[in-house]
Amino acid sequence: MASLAKLSDAHVLLLAVEHTSNGNLEALHTLIKQWPKVLSRTIAYRLVLSFYPVDSPDQTALVDFLNALNGGQAHSDDFSSINVNPLISSLSRDDAARQCRTLKLQSIPEHTPQDTDKGLASFVIEWARRLEALGGTLQPLTAFIEQFVTLSPDLQLWYETNLVPILRLQYDFYPDNEDCIQLRELEKMTVQEGVNSLLQCAKRTHNAADIARDLDRVVAPWVVGASHRKRRRVEGETDTSEQGQQPWEYVNDWLINEGVADFAVAARTFVEWEGPPEEQGVSGHVTSYARAGLAIIYGCAESSQDTLAMSWDVLSKAAKLGGAAMPNLSTSRPTVSLDEAFVRELQDLDLLPTSLPKRTNHFTQVTPSSTQLVGGVLATASFLTELGLASSFGEIARVSVFGSERRHKDELRRILQQIPRQTRKEIDWRSVRLDLLWCQSWSRTPMTDHNQTPAYLRQLSVKYVEMQILDALLNAAQYNIVKEVYIHSRPSPLATSDVEARVVASIYEAYDNASNGNRDRGGMKRANEILRAFRPDFAQSTAFADIDHLIRATHSLSFYHLTLQHGIPFRPVAIRVQKDPLTLLEKVLEQDPKAYTKLDDLLEIGRNLVRAHLPSRGSLAQELDPVELRASDAEKRITYHAIMAALTANDFDTAYAYITTRLPSSTESPMSNVADDISWRAAYAAGKFRPSVSPKSLTSQIDSLAQRMELLSRALMLAPSGEALSGILATWRRYEEEMEGLKSQAVEEERSFDAKADAALPGGFGLEDRDADRDETQRTMARRTWPASRAGPSYEEEAPMGLFDVARGAATALRKSAAFPLGAGGLKGLKIREVGQGSEGSVGESAASFADVEGGRTRKRDMVATMVTNNLVSGLGWVLGAQPQDRVDRVDQGDGSG
């Protein structure tokens with residue numbers, strides 16, 4: 001004992017190091033009691049940490065030492081048991097002090113506040129970490145720490161918030177998991193890293209119950225400890241890594257992020273977990289957790305019936321936690337009422353996944369307006385999901401709050417296009433209409449002002465939505481619903497004129513999309529069905545009448561072969577895009593060889609095309625000709641092209657029949673004073689037509705030529721201008737010469753036949769001179785009256801119409817024509833006279849045959865002489881062989897004088 005009293009402080013410290021290294025903690029405790037000023041409690045902890053062997057199999061001595069050091073049962077005060085190493089006692093004071101300065105005592109990590117438990121908690125925690133590193137398991141250190149939990153509140157807090165969560169993960173919840181987090185790793189982690197690590201095992205199970213359990217029994221204790229540590233750092237030190245964010249917010253962030261990746265698990269977890277526990281002196285955890293619920297809903301990546309059901313549960317719990325009113329869940333069309341100030345604070349960026357966890361996000365702050373907005377979003381998502389147009393809740397909110405008019409139109413069009421594709425069940429169009437009107441206002445009452453409360457189709461007017469619904473109903477052939485809602489209901493959602501316009505547009509749309517003109521097939525059938533369905537409701541509509549004629553014409557036209565430019569087959573829309581639809585009939589006559597034989601059908605098509613007022617009734621000026629006149633002109637035009645087609649097909653008989661029966665024979669029209677420029681051209685074209693194969697019999701040749709001459713005569717009378725007369729008369733003159741040759745040939749054949757017949761008769765005698773003169777006179781008269789009649793018994797008794805008679809017809813036509821340069825009045829005084837001698841008879845005979853009838857009647861030769869004056873001298877005059885009257889008079893006077 002005396003030797004111990006002589007030791008200096010340095011010698012005592014060296015002696016304590018020696019006993020600690022040897023594991024003699026009882027001797028160390030004795031030294032501490034003898035020299036408390038030299039060996040303080042902190043020095044004792046540092047000595048043990050620095051020199052006591054950690055791998056000692058028995059930790060009982062250390063436990064007893066710590067208990068004794070902290071007021072527990074003390075060791076014996078028998079100092080005689082302390083052995084003093086001679087090497088230490090023999091050191092001088094200076095040498096002992098020098099060696100003490102070389103000692104490397106380990107400091108105690110400040111795991112807990114040092115002013116509360118004098119370092120016990122920090123020492124035990126550090127020693128536990130060494131035990132874990134040595135053995136790799138938690139059982140030894142757990143047993144060690146439990147000996148001191150009651151001695152230090154800080155140690156107890158650390159035990160419950162750090163060690164217990166890991167123990168539960170490793171031994172209670174996931175004993176088979178080999179990669180669970182270690183204690184030393186957890187203590188080095190930030191709050192965010194710790195939350196992610198503690199929940200990684202539960203996350204792998206994809207089980208909301210496991211996650212809720214781990215949140216409650218693993219994460220919650222650790223976050224409570226993190227909250228205490230954070231408060232201490234706020235009071236003392238500064239933590240720059242996680243400054244400004246509460247630990248519980250990291251748990252909410254984990255749930256929100258999990259909701260983006262796996263909404264079902266996050267939503268069920270939010271509903272099943274009771275939320276963070278209330279901590280003394282800390283508030284706002286519940287509100288923050290409620291905000292996470294709304295963020296989970298907005299973070300949902302897809303919509304389905306299951307996600308909708310879970311979202312309603314999440315919204316219900318979030319509203320309850322936040323103290324906000326829950327939207328009405330009893331109806332599929334809830335009324336959404338939002339505060340204007342709330343709407344103004346909303347920002348598009350807040351709907352991004354990275355912005356959902358922010359505390360300043362107004363979408364996720366639990367207020368009456370925010371829960372109402374989520375209710376509207378979920379109700380809209382339910383409607384869209386039923387239609388097969390699933391969309392994320394965040395996107396629906398973005399469209400509803402920030403969508404432009406164009407975006408809302410696109411959404412409405414997308415919905416209406418999707419509805420007819422529903423084949424699993426019958427579509428209730430009445431309910432669909434109400435749902436769309438609800439989407440326009442998120443209310444059962446449609447609103448006209450679209451600049452205030454958000455809604456899925458808020459930027460669209462009620463009228464526009466109704467018009468689009470009407471179009472969809474027409475496309476779906478829901479004609480009875482259209483009549484019920486938009487025509488027969490009072491008051492009607494739309495004006496009658498608007499309904500009519502949309503019905504007409506729907507007919508034209510079906511018509512334009514038709515690939516075949518048959519009204520019993522495809523788009524034409526649909527167009528015809530719409531017309532028949534609504535014609536009684538719009539009996540006075542001119543548009544429906546036009547469409548009726550158009551469909552009739554298109555249907556009839558579909559039976560003909562018709563190909564447009566570049567080999568494109570005919571489609572009904574080609575009629576509507578043509579400036580002149582009648583040109584299609586011309587193409588039909590060109591492409592279909594037998595189409596000209598169906599003139600009545602073609603004329604009916606033409607009349608329907610005219611009565612259809614194409615291209616549109618609005619493009620036709622009011623001062624144009626009435627429809628009856630245009631129909632008449634169309635008939636002439638179609639007949640003309642049919643005649644030309646018949647001539648192309650070498651079918652002169654059909655062309656002749658059409659001219660004589662279908663075209664007018666007079667220039668005077670009962671409907672218009674406009675000159676007919678078609679009939680004479682048709683007659684002229686057919687008149688100058690020459691068959692590719694001439695008739696074999698002479699009779700047929702004469703008859704064919706006579707018909708063509710008749711058509712030329714008709715053309716001459718119908719021609720509106722004197723300029724055409726010269727060509728017609730020139731053709732006539734050639735035909736007349738040809739006819740004379742044929743007639744002469746026929747006469748010769750008759751005479752030859754008669755001579756042969758007379759020679760064959762016994763006792764035959766020739767004609768007397770008197771009989772011969774009589775027959776000659778009859779033949780002459782017959783030639784003057786041909787072809788008005790063919791009463792004579794033979795060609796010898798017939799003669800072709802003289803050129804004078806043709807000129808008479810031309811003069812008559814010129815006198816009736818107002819287009820002639822001399823004017824209608826200028827032709828009244830025309831006088832025509834013959835100056836040449838015909839093939840038979842003299843001038844005197846011709847003059848005698850045209851003696852004056854009644855006193856004041858002008859002679860025909862005077863008319864001819866007057867007609868060929870002025871502009872006709874070079875045209876018609878040379879054909880007629882006539883001279884102006886004044887010139888004839890001068891010649892007569894000269895002859896008289898001579």
Side-chain angles (χ1 to χ4, degrees), residues 1 3-4 7 9 11-89 100 103-109 111-112 114 117-152 154-156 158-159 163 167 183-184:
M1 187 66 182
S3 61
L4 289 176
L7 296 177
D9 294 345
H11 289 88
V12 172
L13 181 58
L14 292 176
L15 185 60
V17 170
E18 181 184 16
H19 286 296
T20 304
S21 300
N22 295 331
N24 190 358
L25 297 178
E26 182 178 354
L28 175 62
H29 184 262
T30 302
L31 290 174
I32 292 173
K33 292 185 65 177
Q34 181 66 27
W35 288 280
K37 294 183 180 180
V38 177
L39 300 176
S40 64
R41 185 179 301 181
T42 301
I43 295 297
Y45 292 149
R46 295 180 65 185
L47 288 173
V48 174
L49 288 176
S50 302
F51 302 108
Y52 189 76
V54 181
D55 56 354
S56 175
D58 187 9
Q59 298 289 324
T60 305
L62 180 58
V63 173
D64 294 341
F65 170 77
L66 294 175
N67 286 329
L69 189 63
N70 287 276
Q73 184 177 0
H75 290 86
S76 172
D77 293 336
D78 185 6
F79 298 107
S80 61
S81 61
I82 299 177
N83 296 324
V84 179
N85 191 332
L87 296 176
I88 296 176
S89 61
C100 286
L103 292 176
K104 295 181 180 180
L105 295 179
Q106 182 175 338
S107 60
I108 303 175
H111 296 286
T112 61
Q114 298 297 309
D117 57 4
K118 305 304 180 182
L120 175 63
S122 296
F123 170 81
V124 172
I125 294 172
E126 182 62 25
W127 192 259
R129 293 176 59 185
R130 295 189 177 191
L131 292 178
E132 183 189 31
L134 178 65
T137 60
L138 297 180
Q139 289 91 338
L141 66 91
T142 302
F144 175 77
I145 293 175
E146 288 177 349
Q147 302 292 327
F148 309 100
V149 168
T150 58
L151 300 179
S152 172
D154 291 326
L155 179 61
Q156 184 176 4
W158 179 90
Y159 171 78
L163 183 58
L167 290 173
L183 178 62
R184 61 181 179 274

4.5 Å side-chain heavy-atom contact, Q147 and Q59: no

Interatomic distance, L103 atom CG to L14 atom CG [nearest 0.5 angstrom]: 6.0 Å

Atom pair CG/CZ of L28 and F65 - distance to nearest 0.5 Å: 4.5 Å

Expected output: side-chain R130 to main-chain L49 donor-acceptor under 3.5 Å: yes

pair H29-D64: side-chain heavy atoms closer than 4.5 Å: no

I108 side chain near E126 side chain, heavy-atom distance below 4.5 Å: no

Gap between atom CG of L167 and atom CG of L138 - 0.5 Å precision: 5.0 Å

Pairwise side-chain contact, N67 with L151, heavy-atom cut-off 4.5 Å (strictly under): yes

Heavy-atom closest contact (A128 atom, L141 atom, distance): O-CD2, 3.5 Å

Heavy-atom side-chain contact between L66 and V48 under 4.5 Å: no

Interatomic spacing from CG in L13 to CG in L47 - rounded to 0.5 Å: 6.0 Å

Salt bridge (charged side-chain N to carboxylate O under 4.0 Å, His left out) partners of E132, counting only residues at least two apart: R184

For V54 against L134, the heavy-atom pair lying closest together: O-CD2, 3.8 Å

L31 vs Q34 side-chain heavy atoms within contact, under 4.5 Å: no

Closest non-hydrogen atom pair between P53 and S21, with its separation: CD-O, 4.2 Å

Heavy-atom side-chain proximity of L163 to W158 below 4.5 angstrom: yes

Atom pair CG/CZ of N22 and F51 - distance to nearest 0.5 Å: 12.0 Å

Separation of I125 CD1 from L120 CG (nearest 0.5 Å): 9.5 Å

Heavy-atom side-chain proximity of L62 to F144 below 4.5 angstrom: yes

Parallel, tilted or perpendicular: rings of Y45 and F123 (30°, 60°): parallel

